[in-house]
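Heads up: the structure comes next, in structure tokens.
Just so it is clear, the values below take in all heavy atoms, side chains as well, and ignore hydrogens, waters and symmetry mates. Sequence lines set the chain letters: A, B, ... in the order given, protein chains first and strands last, and positions in each chain run from 1.
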Protein chains: 4
Amino acid sequence: MPRPTFFNLPQAKQQKVIESIISEFSQYPLSQGSVARIVKKADIARGSFYQYFDDLEDAYYYVLGLVGEKKMTYLRPILHASPDLPVMDLFKRLFRAGVQFGAEHPQLAKMGALFLQEEKRVRQEVVAEEEEGAIRFYHDLLMKGKQTGEIASDLDLHMAAFVLFHSQMALMERALKQMEWEEGSDVLQEFMTEFDHMLELILYGIIRRES
Amino acid sequence: MPRPTFFNLPQAKQQKVIESIISEFSQYPLSQGSVARIVKKADIARGSFYQYFDDLEDAYYYVLGLVGEKKMTYLRPILHASPDLPVMDLFKRLFRAGVQFGAEHPQLAKMGALFLQEEKRVRQEVVAEEEEGAIRFYHDLLMKGKQTGEIASDLDLHMAAFVLFHSQMALMERALKQMEWEEGSDVLQEFMTEFDHMLELILYGIIRRES
Amino acid sequence: MPRPTFFNLPQAKQQKVIESIISEFSQYPLSQGSVARIVKKADIARGSFYQYFDDLEDAYYYVLGLVGEKKMTYLRPILHASPDLPVMDLFKRLFRAGVQFGAEHPQLAKMGALFLQEEKRVRQEVVAEEEEGAIRFYHDLLMKGKQTGEIASDLDLHMAAFVLFHSQMALMERALKQMEWEEGSDVLQEFMTEFDHMLELILYGIIRRES
Amino acid sequence: MPRPTFFNLPQAKQQKVIESIISEFSQYPLSQGSVARIVKKADIARGSFYQYFDDLEDAYYYVLGLVGEKKMTYLRPILHASPDLPVMDLFKRLFRAGVQFGAEHPQLAKMGALFLQEEKRVRQEVVAEEEEGAIRFYHDLLMKGKQTGEIASDLDLHMAAFVLFHSQMALMERALKQMEWEEGSDVLQEFMTEFDHMLELILYGIIRRES
DNA sequence: CATGAATGAGAATTCATTCAT
DNA sequence: GATGAATGAATTCTCATTCAT
């Protein structure tokens, strides 16, 4: 957690610092992050950084939390507003909200993605926890689908959640990379459709009789 | 490529060096690799390393090639020996061969996995190429399935290959990590079954009528 | 150019660092200079050096500039204060001023001399430029002498400037070396007389009728 | 001195090694010489070098001696064949012979030149000795001129020798550098004329009444 | 609370020289 | 006498973190 010093800073300055950190970690994983670059970008003194945070890691996890919160502002409405939507529509909306988030805050999304493939060795636990959390969340949604009868009763829920999670992650990463290249162009619709396809494919499988 | 000096070394010593490099890069990505650790583990002089290789990168890609070759010894028989097996059985066998490889050479497998999530920013091209190659390979197999009628004719082959590749990658990583923990225990069967499940799930989808 | 960090240092410390660098490069050419020796002599941390300068070359050229400026404080008064002195008296005074400079700042003079015979292969351009500049300067002075009639009209000005420059350089180097040995002794007068002789010799030639 | 091992080598191989060393030291001063480059060029094993010579310095001075001998084959005839030529014609011929040598053996000449401006710090004595030898030689010639009346009796012989030596050295260096650039072109005559000019200038001085 | 200089361990890489075969 | 692998000290440069002002 940042030191009190940080929170006493005027909002504008706090924001500038946070943005520098996000910028850094949307390009480099934690282990490659550089205090030098961050303070330069934030235009603060080298020492100030250490008045605000214990160290690089402290700053990283603090900002990562903010990213998570931001992402939740996209997802929460969906979860809360539609309690008895078919589960599969829920997934569709969630994925689409993810795309929206990535398009509107590409740096935050990139930081999140970078985090999830963080050196599987450093801070393994934290990452693993986060991953498990996400998969469990998917799992719970699917469970609901089983209860409502939308989903075959003999489905391996864990595996389904696993596949959904990792496929969505991989597709999101690809999308972020493409957005970076074709910056500005409006590929939002395109990506949403792609996520729809992916969901459909996983729902109905590769081998399909009628659909 | 290693310098001639390296190939002039007695086999045993070459092997020791190679193993040190593999050990290093099954734990650290290229950018975090340390010559110091490698030479210590291989028990050679600091300078010797530079008699063998141009630099760390040289060593890395050389060994990565060896890993690829080794993996191919597991996959090649399957591809060659069973030309007209149903495509889906082929996948099943390939996945199982992958598990076998991971179980028998966990470090090699880890190095390969680490490579594929290599800092998405450094050497992007090489990694991306490799990934695309793998996905294209899956895609071609699926195409065959379409031709033989095993697979629905309106399937988005690219997306299917994408989902298969990344799901398999993610599961393999999890498996490798677990093997590390429960080292020695015979979880091979267990993992094979898990891969079977995954394949089945992706084949038939989450929402299944009869199966 | 040094980084701002360097100029923020207290004068005394800046001076100490500069002196260490001069000391280094009055003994070794750029290519042989050692950061290790400099930081030891200046009694600063290894890393501090790199806070002040980009690298050894940066430090070298910065200090070389200072040396040049210092030398100009000896030469400038002569050039400006005596516009219509006979050219040959000008040379005499310039040479003597050079001796004065060498006697009062032997290390600076040595550094300058070392620079001018810098590995004729590295940084050739910079050195060559400097040499040409000096010769051209001599040439222009001689030209004036031709115009005032002091100098025979058929003289090869370029060759004369060339001979003057290199003879003076060589003599200066010898003088500096001797000062080093007989350190402290007052050889100043002696050297000035020697430079006078040299000038006279080149003026009137080896084969002289009357003089 | 080289070890006996070296002299037992077949002539052709000896020659190849010598040429590699000359090539090296016509480009780099002793302190920058690299055994690695030499053995590569000579196509011998790293260890062989140390069977032939004690170390780099040993090789250097041995080959330097050969260079001196070679140069003497150009100068000796002049000294011996014309005992009562006017001293100044002798100088002219010597300088011209020097140019000839430089044109026909540019690498040897470059090595010699590089030697004479060798890090004034390393092996100072050897270089100084050589320089003094050359100047003394010039001095003795001039002395003869004094005795025959060619040269004014009040001339400062030491200074004259000094100026002659260093001017000639400097001009030779410039000539060698130009030959390197305009390789192949026949600039020999041009340079000889230039040396003639220089000699004349130093003989008759900058300020000349009639000439 | 801001500042930015100081620190020094640690990284990669080079290379003359030795020595076992 | 030839070979070339082994060695390790020495080099430059980087950077997170501390600390005095």
Per salt bridge (charged side-chain N to carboxylate O under 4.0 Å, His left out), C:Arg3 is matched among C:Asp55, C:Asp54, C:Asp58 by C:Asp54
Looking at A:Thr5, I'd like to know whether one of its side-chain N or O atoms comes within less than 4.0 Å of OP1 or OP2 on E:dC1. yes
Here the distance between atom C1' of E:dT3 and atom CG of A:Asp43, to the nearest Å, is 13 Å
Here the distance between atom P of F:dG1 and atom CD1 of D:Ile44, to the nearest Å, is 14 Å
Rounded to whole Å, CD of B:Gln14 lies from P of F:dA5 at a distance of 11 Å
Under 4.0 angstrom, heavy atoms only, what part of the nucleic acid is C:Leu9 near: base, sugar-phosphate, or nothing? sugar-phosphate
B:Tyr28 atom OH is separated from E:dA12 atom C1', nearest whole Å, by 17 Å
Verify, without hydrogens or angle tests, whether B:Gln51 (side chain) and B:Thr5 (backbone) share a donor-acceptor contact under 3.5 angstrom. no
Sorted by position of nearest nucleotide on DNA chain F, 5' first, the leading residue of B:Lys13 and C:Asp54 is B:Lys13
Exactly one candidate in D:Tyr61, D:Tyr60, D:Phe115, D:Tyr62 meets ring-ring contact (aromatic ring centres under 6.0 Å, His included) with D:Phe25; the answer is D:Tyr60
C:Asp55 atom CG is separated from E:dA12 atom P, nearest whole Å, by 21 Å
Applying the 3.5 Å cut-off to both distances, the Watson-Crick or G-U partner of F:dT21 turns out to be E:dA2
Rounded to whole Å, CZ of B:Arg3 lies from P of E:dC15 at a distance of 11 Å
**Item:** Sub-4.5 Å side-chain heavy-atom contact between B:Ile44 and B:Lys13
**Value:** yes
Worksheet item: Considering only heavy atoms from C-beta outward, does the side chain of C:Phe7 approach that of C:Pro2 to under 4.5 Å?
Response: yes
**Prompt:** Does a nitrogen or oxygen in the side chain of A:Asn8 sit under 4.0 Å from OP1 or OP2 of E:dC1?
**Reply:** yes
Against the side chain of D:Ser34, the closest entry in F:dG4, E:dA16, E:dA5 is E:dA16
Picking from E:dT7, F:dG4, F:dT17, the nucleotide nearest the side-chain atoms of A:Leu56 would be F:dT17
Taking only side-chain nitrogens and oxygens of C:Tyr52, does any of them come within less than 4.0 Å of OP1 or OP2 of E:dA5? no
Whole-Å distance, C:Phe49 CZ to E:dA9 P, equals 20 Å
Nearest-nucleotide check on DNA chain F, C:Val35 vs B:Gly47; residue mapping nearer the 5' end is B:Gly47
Of the listed F:dA2, F:dA16, F:dA10, the closest approach to the B:Arg46 side chain comes from F:dA10
Between CD of D:Gln51 and C1' of E:dC19 the distance, given in whole Å, is 10 Å
* To do: Report which part of the nucleic acid D:Ser48 touches: base, sugar-phosphate, or nothing (heavy-atom distance under 4.0 Å, all strands).
  => base
Side-chain atoms of B:Tyr50 come closest, of F:dA6, E:dT3, E:dT13, to E:dT13
